[in-house]
Amino acid sequence: MIQQIDHIGIAVKDLEEVKAYYEKSLGLKCEATEEVESQKVRTAFFHAGEVHIELLEPTDPESPIAKFLEKKGEGIHHIAFRTDNIEGQLQHAKDSGVKLIHEVPFEGAANKLVAFLHPKSTHGVLTEFCMEKPD
Ligand code: ZN
């Protein structure tokens with residue numbers, strides 16, 4: 001079951017510069033920065049109430065975020081829904097006709113399991129499911 005919006009992913013060119021904007025201009029506190037090797041990105045997380053903001057800076061020209069920036073520039077990249085059953089959520093989406101980018105969840109930032117739905121099936125919004133990794 002989807003529990004809530006977990007975070008909004010925002011593609012940025014310069015993590016430090018944008019981090020400073022969220023800290024100084026919006027007064028949000030950076031919780032953590034982390035490099036996610038599998039996605040070739042550096043991330044910074046902010047709390048905005050119950051929802052997080054995830055800034056994503058590419059670490060490699062082949063990163064999906066680098067390609068996004070090339071095509072669309074900086075801006076909202078994806079919306080992540082927190083679920084208590086990521087496998088079931090993916091299966092449910094697939095059964096309803098949604099194309100998946102990842103059939104199998106992988107380890108994303110903040111020690112979570114994540115998987116993405118294909119934006120061609122989600123009316124233009126790149127959609128992520130995420131779940132706390134079970135111990
Ligand atoms: Zn995300």
Side-chain angles (χ1 to χ4, degrees):
M1 196 179 82
I2 286 180
Q3 298 167 314
Q4 67 161 76
I5 291 182
D6 184 83
H7 63 269
I8 297 169
I10 298 174
V12 305
K13 289 179 187 159
D14 182 334
L15 193 71
E16 289 311 315
E17 186 186 329
V18 181
K19 192 168 160 265
Y21 159 73
Y22 280 91
E23 285 171 338
K24 289 186 190 137
S25 304
L26 301 193
L28 297 179
K29 196 167 178 303
C30 182
E31 305 163 55
T33 57
E34 185 185 345
E35 186 155 340
V36 184
E37 195 54 50
S38 62
Q39 293 295 286
K40 300 187 172 79
V41 291
R42 283 210 308 141
T43 64
F45 278 90
F46 296 84
H47 269 302
E50 291 285 296
V51 177
H52 306 259
I53 301 290
E54 175 187 37
L55 303 180
L56 300 146
E57 176 199 60
T59 54
D60 185 287
E62 290 304 307
S63 163
I65 296 298
K67 290 183 177 148
F68 178 90
L69 286 170
E70 238 169 69
K71 268 192 228 155
K72 300 193 171 170
E74 291 186 313
I76 293 181
H77 176 259
H78 66 270
I79 293 183
F81 293 98
R82 190 186 304 162
T83 169
D84 54 7
N85 177 0
I86 195 164
E87 312 266 357
Q89 208 73 53
L90 284 170
Q91 191 60 48
H92 179 81
K94 193 176 173 182
D95 291 346
S96 76
V98 170
K99 205 175 151 204
L100 309 181
I101 297 181
H102 307 102
E103 299 267 339
V104 178
F106 62 96
E107 197 167 318
N111 200 32
K112 284 187 173 128
L113 289 175
V114 304
F116 286 86
L117 309 183
H118 200 288
K120 285 212 169 98
S121 305
T122 58
H123 304 273
V125 179
L126 180 57
T127 301
E128 173 186 332
F129 292 147
C130 67
M131 185 177 83
E132 294 291 342
K133 244 170 67 176
D135 297 319

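Computation of the quantities below employed the complete heavy-atom set of this structure, encompassing side-chain atoms and omitting hydrogens, waters and symmetry-equivalent molecules.
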Show which side-chain atoms of residues 92-99 pair as donor or acceptor with protein atoms under 3.5 Å away, not counting sequence neighbours.
residue : atom : partner : partner atom : Å
K94     : NZ   : E103    : OE1          : 2.9
D95     : OD1  : Q91     : NE2          : 2.9
S96     : OG   : A93     : O            : 2.8

Without placing hydrogens or testing angles, list every side-chain donor-acceptor pair under 3.5 Å for residues 17-28, not counting sequence neighbours.
none

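Checking V125, L56, T127 one by one against H78, the side-chain contact (heavy atoms from CB on, under 4.5 Å) holds for a single residue, L56.
At least one donor-acceptor pair under 3.5 Å links the side chain of H102 to the backbone N or O of F116.
Distance check, rounded to the nearest 0.5 Å: CE of M131 to CD of E87 gives 7.0 Å. Rounding to the nearest 0.5 Å places CD of E132 at 7.5 Å from CG of N111. To the nearest 0.5 Å, the span separating CG on N85 from CD1 on I2 amounts to 11.0 Å. The CD1 atom of I8 lies 6.0 Å from the CD1 atom of I76; values are rounded to the nearest 0.5 Å. The line from CD1 of I53 to OG1 of T43 is 13.0 Å long, rounded to the nearest 0.5 Å. Interatomic distance, I5 CD1 to C130 SG, rounded to the nearest 0.5 Å: 11.0 Å.
Hydrophobic clustering (side-chain heavy atoms under 4.5 Å, transitive across Ile, Leu, Val, Met, Phe, Trp, Tyr) groups V51 together with F129. F45 and V12 fall into different hydrophobic clusters, where Ile, Leu, Val, Met, Phe, Trp and Tyr residues are linked whenever their side-chain heavy atoms come under 4.5 Å apart, directly or through other members. Transitive grouping of hydrophobic side chains (ILVMFWY, heavy atoms separated by less than 4.5 Å) brings I10 and F46 into a common cluster.
With sequence neighbours left out, E37 forms a salt bridge (charged side-chain N to carboxylate O under 4.0 Å, His left out) with no residue at all. Legend: residues meeting side-chain contact (heavy atoms from CB on, under 4.5 Å) with Q39, ordered by chain and number and at least two apart, are V36, V41, P64, F106. Partners of K13 according to the side-chain contact (heavy atoms from CB on, under 4.5 Å) rule, which considers only residues two or more places apart in sequence or in another chain, are L69, E74. Looking at residues two or more places apart in sequence or on another chain, you find a side-chain hydrogen bond (donor to acceptor under 3.5 Å, both in side chains) between T83 and Q89. The side-chain hydrogen bond (donor to acceptor under 3.5 Å, both in side chains) search around K29 returns none, not counting sequence neighbours. Scanning for salt bridge (charged side-chain N to carboxylate O under 4.0 Å, His left out) contacts around E57 gives R42, with sequence neighbours left out. Scanning for side-chain hydrogen bond (donor to acceptor under 3.5 Å, both in side chains) contacts around Q4 gives an empty result, with sequence neighbours left out. With sequence neighbours left out, E107 forms a salt bridge (charged side-chain N to carboxylate O under 4.0 Å, His left out) with K133. For R82, the salt bridge (charged side-chain N to carboxylate O under 4.0 Å, His left out) test picks out D6, with sequence neighbours left out.
Residues A66 and P61 share a closest heavy-atom pair of CB-O, 3.4 Å. Closest heavy-atom contact between L126 and L117: CD1-O, 3.4 Å.
Within the structure, ring pair (Phe, Tyr, Trp, His ring centres under 6.0 Å) pairs that include any residue of residues 52-71 comprise H47-H52, F68-H77 (at least two apart or interchain).
Electrostatic pairing of E35 and K40 does not count as a salt bridge here, judged by no charged N lying under 4.0 Å from a carboxylate O.
Counting heavy atoms of neighbouring residues, nucleotides and ligands inside a 6.0 Å radius, atom CD of Q3 exceeds 12 of them.
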